[in-house]
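Counting from 1, the numbers follow the sequence of the chain as shown.
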Amino acid sequence: PVVYDYDNLISNMSKAGICVTITIINEYRSGYEYMLMPGVDVRSETANYAINTSTAQGMETVAAATHFLAERYNGNDTAYGKVDNWVVGNEVNDNLLYYYMGRQEIDTFVQEYLQSFRVIHTAVKSAYSNANVYICLQHRWNTENSTGDYGGKDFIDIFNRYASAQGNIDWGLSYHPYSFPMNDPEILNDGGASIDAYGNSLSGGEVTDQITTPLITMKNLHLLT
């Protein structure tokens with residue numbers, strides 16, 4: 001079983017003094033349609049789907065699987081190793097590609113994500129109280145919210161508002177501060193006029209030193225912290 005591969009990998013990294021992080025993602029598998037949000041169709045262009053905790057079967061499966069993994073990798077058995085950090089979804093402010101639940105307004109999307117986050121947070125903490133649980137966002141920060149992608153700042157503000165109202169939890173943030181354009185690794189040039197990987201001219205201004213910046217990259221990461 002694949003869990004034995006995890007045992008080998010995680011135990012070896014733990015013995016080497018490496019702090020291990022696991023990201024929980026929901027890839028489509030035939031026969032596990034109940035892991036998709038109700039009404040969500042499979043799309044060829046989608047890599048990962050929203051973690052379904054809106055149905056009883058989905059919630060019970062997510063809670064049980066997460067608790068099993070967190071308990072196995074809580075550090076009590078060196079044969080398994082230890083996972084300190086758990087990330088709920090990958091780049092979840094990209095609905096269409098990495099956390100698909102069908103086109104949704106940002107408020108609805110974040111509330112559904114928060115519910116899954118709470119289920120996973122509870123399952124992880126019940127097995128290893130010192131673990132950290134993170135939201136994962138990509139570098140879009142102050143950008144227009146569509147029904148398919150969302151600005152990170154609005155996402156965090158809405159998440160925090162609902163989490164606080166419902167009983168706050170110690171959530172963390174796993175951020176992907178990609179360079180812009182992504183084909184140019186010279187981060188000090190981020191935000192200037194440039195040419196992207198497809199040959200398109202970019203006028204600049206995407207990365208600024210103001211909290212209103214459209215994108216956060218390594219150049220202006222201090223705005224995030």
Side-chain angles (χ1 to χ4, degrees), residues 1-37 46-55 57-95 97-101 112-139 152 155-156 159 163 168-178 182 218 221 224-225:
V2 68
V3 72
Y4 296 155
D5 293 332
Y6 293 160
D7 292 347
N8 183 59
L9 178 64
I10 294 170
S11 63
N12 284 332
M13 288 193 292
S14 297
K15 290 171 184 175
I18 297 171
C19 181
V20 180
T21 300
I22 280 183
T23 300
I24 299 175
I25 58 174
N26 184 21
E27 294 183 348
Y28 171 70
R29 291 289 186 271
S30 178
Y32 294 88
E33 283 76 13
Y34 64 88
M35 291 306 300
L36 301 179
M37 297 284 290
T46 291
N48 309 135
Y49 294 80
I51 298 169
N52 176 29
T53 58
S54 66
T55 65
Q57 186 177 18
M59 180 178 290
E60 290 167 3
T61 301
V62 171
T66 303
H67 181 83
F68 167 78
L69 292 171
E71 187 173 52
R72 192 175 186 88
Y73 304 119
N74 63 9
N76 288 340
D77 192 327
T78 57
Y80 301 146
K82 184 171 70 168
V83 174
D84 287 297
N85 305 312
W86 298 82
V87 182
V88 182
N90 174 57
E91 300 190 351
V92 298
N93 54 329
D94 189 334
N95 175 359
L97 186 58
Y98 289 124
Y99 201 83
Y100 185 59
M101 66 170 67
E112 292 286 357
Y113 175 76
L114 172 58
Q115 177 170 299
S116 295
F117 189 97
R118 279 190 180 277
V119 170
I120 291 172
H121 181 277
T122 300
V124 167
K125 290 288 191 174
S126 68
Y128 178 30
S129 61
N130 289 327
N132 304 302
V133 188
Y134 296 92
I135 305 167
C136 180
L137 302 178
Q138 39 89 302
H139 68 333
F155 191 105
I156 292 171
F159 184 99
N168 214 347
I169 50 180
D170 58 338
W171 56 271
L173 182 63
S174 171
Y175 201 80
H176 293 179
Y178 300 124
M182 291 178 65
M218 289 299 293
L221 189 63
L224 181 69
T225 57

- Task: Looking only at non-hydrogen atoms, find the nearest pair between Ser116 and Thr53 and report the distance.
- Result: OG-OG1, 2.8 Å
Taking the side chain as everything from C-beta on, heavy atoms only, tell me whether [X] gets closer than 4.5 Å to [Y].
X: Phe68; Y: Val3; result: yes
X: Thr66; Y: Val124; result: yes
X: Thr61; Y: Tyr32; result: no
X: Tyr73; Y: Val20; result: no
X: Ile10; Y: Ile22; result: yes
X: His176; Y: Asn90; result: yes

- Task: Would you please classify the geometry between the Phe159 ring and the Tyr113 ring as parallel, tilted or perpendicular, with 30° and 60° separating the classes?
- Result: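 Ring orientation, 0 to 90° scale: tilted.
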Donor-acceptor contact below 3.5 Å, side chain [X] vs main chain [Y]:
X: Lys82; Y: Asn76; answer: no
X: Arg118; Y: Ala163; answer: yes
X: Thr122; Y: Val119; answer: no
X: Asp7; Y: Ala79; answer: no
X: Asn26; Y: Ala50; answer: yes
X: Asn52; Y: Leu36; answer: yes

How about [X]: does its [atom1] atom have over 12 heavy atoms from other parts shown lying under 6.0 Å from it?
X: Tyr49; atom1: OH; result: yes
X: Tyr6; atom1: OH; result: no
X: Tyr34; atom1: OH; result: yes

- Query: Given the rule in the side chain to side chain contact (heavy atoms under 4.5 Å, CB included) test, do Met35 and Tyr28 qualify, once you have shown the distances and angles that lead to the verdict?
  - Reply: CA-CA 8 Å; Met35 291 306 300; Tyr28 171 70; over 6 Å; no
- Picking from Asn85, Asp170, Asp84, what satisfies side chain to side chain donor-acceptor pair (under 3.5 Å) with Asn132? Asn85
- Could you go through the side chain to side chain contact (heavy atoms under 4.5 Å, CB included) check for His121 and Trp171 one step at a time? CA-CA 8 Å; His121 181 277; Trp171 56 271; 5.7 Å; no
